[in-house]
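Below is one structure; the comments refer to it alone.
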Amino acid sequence: MVSKIRSSEITPESVFRQRRMILQAAGLGLGAVGATALLPERAGAATSDFGGKKVVEWTASTSEPQTSFEQATTYNNFYELGTDKGDPVKNADKLVTEPWTVEVGGECEKGGMYALEDILKPHAFEERVYRLRCVEAWSMVIPWVGFPLGDLLKRFEPNSNAKYVEFKTLLDPANLPGQKFPVLQWPYVEGLRIDEAMHPLTLMAVGLYGKELPGQSGAPLRLVVPWKYGFKSIKSIVSINFTEKQPDTSWNLSAPREYGFYSNVNPQVSHPRWSQAKERRLDADSSGFGALFAEKRDTEMFNGYAEDVAGLYTDLDLTRNF
Ligand code: MTE
């Protein structure tokens, strides 16, 4: 069942921002679920090939210096492959990604088992350079390859009960060394409110730096939610479930006082054990030293994406809903 997605518009960022201001003025903020129909920030020239598909550069990418490929793929959190930052790259070959299927279910019309190829086929790929801020107070700037999650979700035709989307990572304790230990409840689970999931910034990533995702980065399919702490960006997704109730999330189950459902980057709300006001940017200059010697900078509200996403949370007390 591959439903047809209309071909995207090519819209420079300035035009998009103007259009958004007009829509917001008209009371049609991007928070509304239907708003992804506007899908905006498609851009200029095709930059490269990716598995036979053209990758289109996204004009709204940050131009900040990028983290090196080496650092982004050797300093990872992927507990299924071990809890040390260097474990995921060492154990990446333990993640078996072929064949890969995604089970889609819950409050939608077109649930079922989808082969990875069918998930990807209709989508145009974009390269989007996003900041990603880890809850451990380091951040990276990474060129991802992917497509808006909302474009995928719409194909499954969620119904009006679909208030949230729940994601699960592969459960494979025979192969994944971290799943032999109860450091978290397995499988890793995450969730987004449906409007967050449909927001045009929320990316389903298949690659980074023009290459397919390596195992440690969450092959073959992962989320990137740039205004939230990194742990919301669940890796190696095998299940997408539309729910009426707020789903469980792994870090909230593990330490509810420390990790809430929303997990929006917020320099004003400290983690109970450390401040979130500053972060260390892991870029080319800090290569090789992990987070230790990298430059410290102020953390921005919603990781610098406030202009795009603050409207999703106007009714929420963000100190209680952290
Ligand atoms: N997804 C799964 N399945 N397992 C994990 O342990 N770690 C999260 C998130 N996604 C994690 C996961 C955390 S804590 C962070 S900061 C990011 O992945 C790190 O992504 P990166 O290694 O690509 O930087």
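Every number for a ligand or one of its atoms is a count from 1 in the order of the listing.
The proximity of Arg222 to ligand 1, defined as any non-hydrogen pair under 4.0 Å, is limited to the side chain. The parts of Phe78 lying near ligand 1 are both backbone and side chain, judged by heavy-atom distances below 4.0 Å. Only the side chain of Glu80 comes within 4.0 Å of ligand 1, counting heavy atoms alone; its backbone N, CA, C and O stay farther away. Contact annotation for Thr169 and ligand 1: only side-chain heavy atoms (C-beta onward) come within less than 4.0 Å of the ligand.
Taking 4.0 Å as the cut-off, Glu190 does not count as a neighbour of ligand 1 on heavy-atom distance. Residue contacts with ligand 1 include Ser233, since one of its heavy atoms falls under 4.0 Å from the ligand.
The pair Glu126-Lys54 fails the salt-bridge criterion, with no side-chain N (NZ, NE, NH1 or NH2) lying under 4.0 Å from an Asp/Glu carboxylate O. Salt bridge annotation for Glu258-Arg273: present, with a cationic side-chain nitrogen under 4.0 angstrom from a carboxylate oxygen.
The shortest N or O to N or O distance between Lys235 and ligand 1 is under 3.5 Å. Considering backbone and side-chain atoms alike, Trp138 places every N or O at 3.5 Å or more from each N or O of ligand 1. Considering backbone and side-chain atoms together, Trp251 places no N or O closer than 3.5 Å to any N or O of ligand 1. Checked by distance only, ligand 1 and Tyr79 come closer than 3.5 Å through their nitrogen or oxygen atoms.
If you check which protein heavy atom lies closest to atom 16 (S) of ligand 1, you get Cys134 SG, 3.4 Å. With respect to atom 24 (O) of ligand 1, the closest heavy atom belonging to the protein is Asn76 ND2, 4.1 Å. Looking from atom 17 (C) of ligand 1 to the surrounding protein, the closest heavy atom is Gly230 O, 3.5 Å. With hydrogens left out, the protein atom closest to atom 5 (C) of ligand 1 is Tyr188 CE1, 3.3 Å, a heavy atom.
Aromatic ring orientation, Phe147 versus His123: parallel (interplanar angle below 30°, classes split at 30° and 60°). Between Phe302 and Tyr313, the two ring planes are parallel [angle under 30°; tilted spans 30° to 60°].
Using modelled atom types, one finds no donor on one side chain facing an acceptor on the other under 3.5 Å when comparing Thr299 with Gln276.
Inter-residue side-chain proximity for Leu95 and Leu170 is flagged as met; some heavy-atom pair is nearer than 4.5 Å. No side-chain heavy atom of Phe231 sits less than 4.5 Å from a side-chain heavy atom of Asn77.
Ser139 pairs with exactly one of Arg133, Glu279, Arg131 by the side chain to side chain donor-acceptor pair (under 3.5 Å) rule, that one being Glu279.
A donor-acceptor pair is defined here as one N or O able to donate and one able to accept, closer than 3.5 Å; no such pair exists between the side chain of Arg128 and the backbone of Ala60. With hydrogens and angles ignored, the 3.5 Å screen pairs a side-chain donor or acceptor of Arg193 with a backbone N or O of Leu312.
Closest heavy-atom approach to atom 11 (C) of ligand 1 within the set Leu132, Asn77, Val89, Val225: this belongs to Asn77.
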